[in-house]
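Working notes, beginning with the structure itself.
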Amino acid sequence: MVELTIDNQRVKVKEGTTILEAADKLNISIPTLCHHENLTPLGSCRLCTVEVIVDGTSKLTTACTFPVEQGIKVRTTSRKALEARRLAAELLLAKCPTSVKVRNLAKEIGVDKPRIKVREEDCILCDLCVRTCREIVGRQAIKFINRGLNQSVEPHVDLSPDMCIGCGSCAYVCPTGAIKMEDKGDTRVIHGPKWEIEFKLKKCKVCGNYWAPEEQLEYITKSLDLPPGFFDVCPNCR
Ligand code: SF4
């Protein structure tokens with residue numbers, strides 16, 4: 001076990017626990033946007049920035065990625081931590097001022113309006129879609145292009161059409177609506193920031209409703225070694 005102090009409260013947690021998880025144990029709330037408990041933490045939004053004092057030296061870090069260490073002191077509401085969070089919120093708000101989720105989080109952090117130029121893009125590069133597709137769906141259909149590199153092309157999310165099964169999980173986790181899913185009749189469309197892809201939906205043999213992309217059902221059938229025709233009937237009619 002590792003013992004640390006968060007906002008002057010002592011807590012003992014297992015080795016490998018992140019500051020975010022340790023704070024949660026003390027009911028200390030730290031804002032997050034790119035974090036999801038079932039995905040590898042990334043710390044890209046930086047809204048969970050906290051101040052950590054290790055061996056008398058203070059530094060800023062993201063609470064979702066920092067594994068606790070014996071004897072460290074964490075300050076979740078110090079001036080330095082709150083300033084860093086406000087800056088992160090301003091950057092996100094300037095990038096995506098129309099997202100309700102971003103606006104609400106920014107407000108919670110004390111930012112109503114960014115001081116920097118508004119760019120009005122949908123994608124905030126939080127990586128939730130990329131990690132969800134890879135770690136939960138088991139595909140690697142989405143990836144970042146030029147992320148973190150100082151190149152002439154802006155970083156953006158790109159899609160490999162032959163890897164995508166149209167499950168819509170990326171749209172479900174997207175906090176800004178940069179990825180959307182639309183079912184119309186026998187077709188599903190996944191709209192991304194710079195792409196869109198269509199899937200034919202399977203028709204239920206009993207009720208006649210179109211209910212899931214054929215590619216997705218084929219993928220699940222193969223992955224779980226299900227008998228052919230297992231998905232001829234939708235879950236409601238099974
Ligand atoms: S719809 Fe495609 S890109 Fe999105 S999570 Fe599913 S497989 Fe990945």
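Counting starts at 1 for both ligands and their atoms, following the listed order.
For the 3.5 Å distance criterion, the side chains of Glu198 and Thr187 fail to qualify, holding no donor opposite an acceptor.
Counting only heavy atoms of the protein, atom 1 (S) of ligand 1 lies nearest to Gly168 N, 3.3 Å.
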Throw together a table of side-chain donor-acceptor distances under 3.5 angstrom for residues 88-96, partners on residues two or more places apart or in other chains.
from, atom 1, to, atom 2, distance (Å)
Glu90, OE1, Arg115, N, 2.7
Glu90, OE1, Arg115, NE, 3.1
Glu90, OE2, Arg115, NE, 3.0
Glu90, OE2, Arg115, NH2, 2.5

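In this structure a side-chain-to-backbone donor-acceptor pair under 3.5 Å is present from Ser99 to Pro175.
Every salt bridge (charged side-chain N to carboxylate O under 4.0 Å, His left out) that Lys200 has, sequence neighbours left out, goes to Asp186. Qualifying salt bridge (charged side-chain N to carboxylate O under 4.0 Å, His left out) partners for Asp24, counting only residues two or more places apart in sequence or in other chains: none.
Take a cut-off of 2.8 Å around atom 8 (Fe) of ligand 1: the protein N, O or S atoms inside it are Cys133 SG.
From Arg139, atom CZ reaches atom CG of Asp162 across 8.5 Å, with rounding to the nearest 0.5 Å.
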